[in-house]
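The model shown is predicted, which means the values in this text are computed figures rather than measured ones.
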Amino acid sequence: SVLGARHELAEDSSPEANMKKALDLWAAMPAVVAYDQRRRHGQEPVEPREDLDYSANFLWMTFGEEQVPEVVEAFNVSMILYAEHSFNASTFTARVVTSTLSDLHSAVTAAIGALKGPLHGGANEAVMHTFDEIGIRSEESLEEAASRAKTWMEDALAQKKKVMGFGHRVYKHGDSRVPTMKAALDKMIAHYGRPELLGLYNGLEQAMDEAKAIKPNLDYPAGPTYHLMGFDTQTFTPLFVASRITGWTAHIMEQVASNSLIRPLSEYNGPEERHVP
């Protein structure tokens with residue numbers, strides 16, 4: 001919202017202006033997200049470098065050091081997979097706001113509000129909170145961690161807890177993005193030598209599959225991948241935002257190009273008309 005208030009084309013919704021605003025947002029978000037993490041650690045911003053690509057630069061501005069190609073590639077995979085995903089809650093929110101002929105920055109701000117919720121973008125943070133609740137023990141073997149995770153999941157399901165990172169409103173038989181992100185996670189686990197995280201992952205997945213036949217969604221492998229890279233859990237959803245800027249703004253521009261006010265009707269279901277004596 002601050003970037004929108006300061007943009008010279010804030011009130012211009014022409015195709016050319018919206019394209020410039022979309023590109024400016026996409027370019028600015030890595031710096032915003034990187035500094036958001038650094039300020040929590042009392043660190044100063046890191047200037048971007050012109051010799052690094054998008055993902056390498058993002059990691060450089062967050063951690064202040066170049067990352068090895070394996071880490072850059074895994075991060076890039078996550079950015080691509082999060083970039084766009086049809087009419088999810090945040091994208092629909094952006095299109096509703098745009099349908100009133102509000103501006104692009106307002107629509108993106110509203111989309112971020114929708115993404116924040118744990119039933120949407122906040123799920124990747126919730127996955128890591130689950131891992132933390134179970135307990136990450138670096139000295140554990142894969143099998144020991146898997147056993148503890150399985151027990152935790154069985155108890156959680158018996159108490160009818162909602163466990164984030166599983167199930168999807170569209171993908172009833174497994175999220176098609178998961179295998180690609182899981183392969184990236186496997187590479188990060190091998191790179192950092194953290195088999196206990198794979199044990200937690202496998203134990204939860206197996207217990208959920210056996211009890212409910214519910215498969216993981218993209219947030220499930222993305223959360224621990226970001227954790228291994230060194231991102232704070234609070235940064236996971238902002239990372240989602242940095243990527244989804246591309247999808248949101250594409251939808252916004254499409255909505256503007258062929259606009260109709262989105263105004264669903266509701267059907268009243270309640271008491272008949274009542275009169276005050």
Side-chain angles (χ1 to χ4, degrees), residues 1-34 36 54-55 58 76-125 164 167-172 175-177 180-181 217-219 222 235-270:
S1 59
V2 171
L3 291 169
R6 296 169 62 91
H7 203 283
E8 69 274 14
L9 300 174
E11 300 303 321
D12 186 347
S13 292
S14 66
E16 295 77 17
N18 274 345
M19 179 61 79
K20 175 168 175 45
K21 288 188 284 187
L23 288 169
D24 287 349
L25 264 181
W26 184 64
M29 284 308 297
V32 173
V33 176
D36 183 47
Y54 173 87
S55 292
F58 205 141
N76 198 47
V77 165
S78 77
M79 292 288 101
I80 292 169
L81 292 175
Y82 270 135
E84 158 60 11
H85 202 224
S86 71
F87 267 43
N88 51 81
S90 57
T91 297
F92 185 65
T93 298
R95 293 193 76 132
V96 171
V97 172
T98 302
S99 79
T100 71
L101 298 183
S102 188
D103 65 286
L104 181 141
H105 284 88
S106 293
V108 170
T109 301
I112 292 171
L115 189 79
K116 180 184 177 184
L119 293 183
H120 190 14
N124 56 14
E125 296 185 19
M164 306 308 298
H168 198 279
R169 291 292 295 273
V170 176
Y171 301 120
K172 302 302 183 184
D175 188 332
S176 59
R177 302 167 295 174
T180 305
M181 194 66 232
N217 56 45
L218 176 60
D219 294 307
T235 307
F236 293 2
T237 304
L239 289 171
F240 194 150
V241 170
S243 169
R244 189 57 63 87
I245 286 289
T246 54
W248 286 336
T249 52
H251 279 272
I252 289 165
M253 289 185 280
E254 183 177 83
Q255 184 70 38
V256 172
S258 183
N259 189 57
S260 179
L261 179 66
I262 299 173
R263 206 296 191 185
L265 297 176
S266 61
E267 181 178 348
Y268 178 69
N269 181 13

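The nearest pair of heavy atoms linking Val256 to Ser13 is CG1-O, 3.9 Å. The minimum heavy-atom distance linking Tyr54 with Pro30 is given by the pair CE1-CG, 3.5 Å. What you find for Ala83 and Arg244 is that their closest heavy atoms are O-CD, 3.1 Å. Nearest heavy-atom pair across Ala111 and Thr93 is N-CG2, 4.1 Å. When all heavy atoms of Met253 and Ala22 are compared, the closest pair comes out as CE-CB, 4.2 Å. The nearest pair of heavy atoms linking Ser99 to Gln255 is CB-NE2, 3.9 Å.
Partners of Thr237 by side-chain contact (heavy atoms from CB on, under 4.5 Å), not counting sequence neighbours, listed by chain and number: Leu115, Asn124, Glu125.
In this structure, the side chains of Asp219 and Tyr82 come closer than 4.5 Å at one or more pairs of heavy atoms. Side-chain contact between Glu8 and Lys20: present, with at least one pair of heavy atoms (C-beta onward) separated by less than 4.5 Å. Taking 4.5 Å as the limit, some side-chain heavy atom of Met181 sits within range of a side-chain heavy atom of Ser78. Side chains of Thr98 and His251 form no contact here, defined as non-hydrogen atoms less than 4.5 Å apart. Thr180 has its side chain within reach of Val77: a pair of non-hydrogen atoms, C-beta onward, lies under 4.5 Å apart. Annotation: side chain of Trp248 is in contact with side chain of Val241 (closest heavy-atom distance under 4.5 Å). Using a 4.5 Å heavy-atom cutoff, the side chains of Thr249 and Met19 are not in contact.
Remark: the backbone N or O of Leu9 is paired with a side-chain donor or acceptor of Lys21 at under 3.5 angstrom. At distances below 3.5 Å, at least one donor-acceptor pair connects side-chain atoms of Asp175 with backbone N or O atoms of Leu218. Judged purely by atom type and a 3.5 angstrom limit, Asn88 uses its side chain to pair as donor or acceptor with the backbone of Ser86.
Remark: Ile252 CD1 to Asp103 CG distance equals 9.0 Å, nearest 0.5 Å. To the nearest 0.5 Å, atoms CD1 (Ile112) and CZ (Phe240) are separated by 11.5 Å. To the nearest 0.5 angstrom, Leu3 atom CG is 8.0 Å from Ser1 atom OG. The structure places CG of Asp24 at 4.0 Å from NE2 of His7, a figure rounded to the nearest 0.5 Å. One distance of note links CG of Asn217 with CZ of Arg169; it measures 13.0 Å at 0.5 Å rounding. Separating the CE atom in Met79 from the OG atom in Ser55 is a distance of 7.0 Å, to the nearest 0.5 Å.
Ring geometry for Phe92 versus Phe87: interplanar angle of 30 to 60°, hence tilted. In this pair, His85 and His168 present their aromatic rings perpendicular. The plane angle is above 60°, beyond the 30 to 60° band.
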